[in-house]
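As structure tokens, the structure follows; a few thoughts come after it.
Values reported hereafter were calculated over all heavy atoms of this structure, with side chains retained and with hydrogens, waters and symmetry mates removed. Below, read A as the first sequence line, B as the second, and so on, with proteins coming before strands; counting in each chain starts at 1.
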There are 2 protein chains.
Amino acid sequence: MNELEEFIKDYWGLSGDDLARIGSYFKQTALKKNEFFLKPGKICNTLSIQRSGIIRIYISDNEQEITQWISVRGGFVSDLSGLIFDQPSRYYIQALTDAECYTISHEDYVRISHVIPQWHQLEKLFIARCFLFMEERIFSLLSMSTEQRYAWLFNHNPALFNEVPLQYLASMMGMTPETLSRIRKKNALR
Amino acid sequence: MNELEEFIKDYWGLSGDDLARIGSYFKQTALKKNEFFLKPGKICNTLSIQRSGIIRIYISDNEQEITQWISVRGGFVSDLSGLIFDQPSRYYIQALTDAECYTISHEDYVRISHVIPQWHQLEKLFIARCFLFMEERIFSLLSMSTEQRYAWLFNHNPALFNEVPLQYLASMMGMTPETLSRIRKKNALR
DNA sequence: GTAAGTTCTTGATTTTTATCAAGCGGCAGA
DNA sequence: TCTGCCGCTTGATAAAAATCAAGAACTTAC
């Protein structure tokens with residue numbers, strides 16, 4: 001099983017011949033540092049699984065930029081509103097470093113359902129997992145202090161802190177870079 | 001088309017014979033005021049569409065209660081982690097008033113997919129809509145002040161403010177009841 | 001290797017929101 | 001009708017986090 005097939009297996013729980021069959025639809029693509037994968041107003045018609053690099057999903061909202069998510073190796077890069085509902089996106093998706101992806105077009109994505117009979121069901125399960133993750137994130141934003149949110153992200157995704165500019169992580173957690181810096185200092189002293 | 005079939009049509013975009021076919025799986029159920037639909041640790045094995053009353057979904061977390069959502073007429077009451085993944089819930093789901101629902105059991109829910117071939121696809125679309133709504137909610141929590149969040153909820157769901165105790169709405173928006181009260185006062189003066 | 005530009009940190013201050021505490025008002029039950 | 005309770009409001013104060021501003025540390029480019 002190659003790298004791509006590992007990713008597909010992890011995401012959708014497929015196995016055997018299906019892996020190679022689906023894998024063949026994905027093409028290797030690359031983004032240069034600062035290049036955009038998607039901009040607001042565009043309809044996202046690709047889905048990428050990230051091999052390397054750092055990709056930031058953010059919204060620009062009167063003067064301030066809100067980082068919705070940071071994707072690293074293994075991340076799932078797309079915009080569901082485009083991919084599934086053919087709606088224009090609100091998001092910027094931009095490479096913070098050079099990045100490599102396995103990418104499938106919307107047409108091929110739709111084609112999978114003709115090849116793999118249970119595909120819609122697997123998609124459902126995958127999207128439901130995403131939904132539950134969002135539910136957790138909302139809970140963390142509703143109930144936790146900035147320090148607790150830091151601890152939460154650190155536990156859920158420690159790798160981010162090695163690789164990603166802290167200002168973006170701060171935005172993603174709903175705090176300013178200064179606040180994050182002070183929290184980190186406090187934690188380092190312990 | 002009866003009331004239940006209207007709901008089913010709105011949720012999943014079905015029509016014609018399918019509506020009656022799926023509708024027949026739902027049974028009318030009722031909750032008394034303060035009765036629990038679900039408690040933490042239980043696996044949710046029903047899905048309800050709400051006809052009347054107010055139902056609160058919340059998490060109890062060392063001394064404080066966090067209201068995740070308030071459901072009114074037309075609301076979708078379930079816990080996906082139980083319904084789809086057979087996992088125990090983190091949530092309390094409780095009727096704040098007497099409430100009536102159309103309810104389907106997990107077994108019948110699964111059975112639908114044998115009756116309606118495209119069922120998994122419709123479920124996928126429905127869950128994807130839920131996901132996108134959560135994405136918006138996260139954006140509102142990350143980027144907006146308490147006043148803006150109030151305005152946001154008021155625009156998305158004005159009905160809630162007529163029917164639901166304000167303390168729960170405050171929690172749902174990530175603020176204290178006192179803060180919500182002050183915001184409302186300020187808005188009323190304009 | 002140095003200059004220029006970022007990004008991160010630190011401190012001082014202001015703003016926002018939570019907390020604490022008291023009082024008001026409507027509603028349910030005796 | 002009265003009483004007690006619950007939910008909402010209001011005010012005073014405290015805590016948390018944002019903002020503003022400056023400087024340090026790290027990158028990148030030449």
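- Residue-to-nucleotide proximity on DNA chain D shows that, of B:R182 and B:V164, the 5′-proximal contact is made by B:V164.
- For A:K33 and C:dT6, the NZ to P distance is 11 Å, given to the nearest whole Å.
- Residue B:T146 has a polar side-chain atom (N or O) positioned under 4.0 Å from OP1 or OP2 of C:dT17.
- Put simply, OH on B:Y150 is 19 Å from P on C:dT16, counting in whole angstrom units.
- With distances taken from any side-chain atom of B:T176 to the nucleotides C:dC8, C:dT17, C:dA18, the minimum falls on C:dA18.
- The side chain of A:S181 has C:dT9 as its nearest neighbour among C:dT9, D:dT19, C:dT17.
- Heavy atoms of A:P165 sit under 4.0 angstrom from primed sugar atoms or phosphate atoms, though from no base atom.
- Whole-Å rounding puts the B:I183 CD1 to C:dT17 C1' distance at 9 Å.
- Each of A:F126, A:F139, A:W69 was compared with A:F133 under the ring pair (Phe, Tyr, Trp, His ring centres under 6.0 Å) criterion, and only A:W69 meets it.
- Of the candidates D:dC8, C:dT7, C:dG11, the closest approach to any side-chain atom of A:Q167 belongs to C:dT7.
- Atom P of nucleotide D:dC6 and atom CG of B:L96 are separated by 15 Å, given to the nearest angstrom.
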Please evaluate residues B:E135 and A:Y91 with respect to the criterion side-chain hydrogen bond (donor to acceptor under 3.5 Å, both in side chains), reporting the C-alpha separation (whole Å), side-chain torsions for both, the decisive distance (0.1 Å), and the verdict.
CA-CA 11 Å; B:E135 243 183 17; A:Y91 296 101; 3.1 Å; yes
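- In this structure, the CE atom of B:M175 is 14 Å from the P atom of C:dT16, given to the nearest Å.
- Closest to the side chain of A:E178, out of C:dT17, D:dA21, D:dA18, is D:dA21.
- Atom CZ of B:R184 and atom C1' of C:dT17 are 18 Å apart (whole Å).
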Without placing hydrogens or testing angles, list every side-chain donor-acceptor pair under 3.5 Å for residues 167-179 of chain B, not counting sequence neighbours.
from, atom 1, to, atom 2, distance (Å)
B:S171, OG, B:T67, N, 2.8
B:T176, OG1, B:T179, N, 3.2
B:T176, OG1, B:T179, OG1, 3.0

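- Residues A:R21 and A:E5 are not paired through a salt bridge, judged by the lack of any N-O separation under 4.0 Å between the basic side chain and the carboxylate.
- Between A:Y92 and A:Y58, the ring-plane angle classifies as parallel under the 30° and 60° cut-offs.
- Rounded to whole angstrom, the span from the CG atom of B:L142 across to the P atom of D:dA17 amounts to 15 Å.
- Distance, A:L180 CG to D:dA16 C1': 16 Å, rounded to whole Å.
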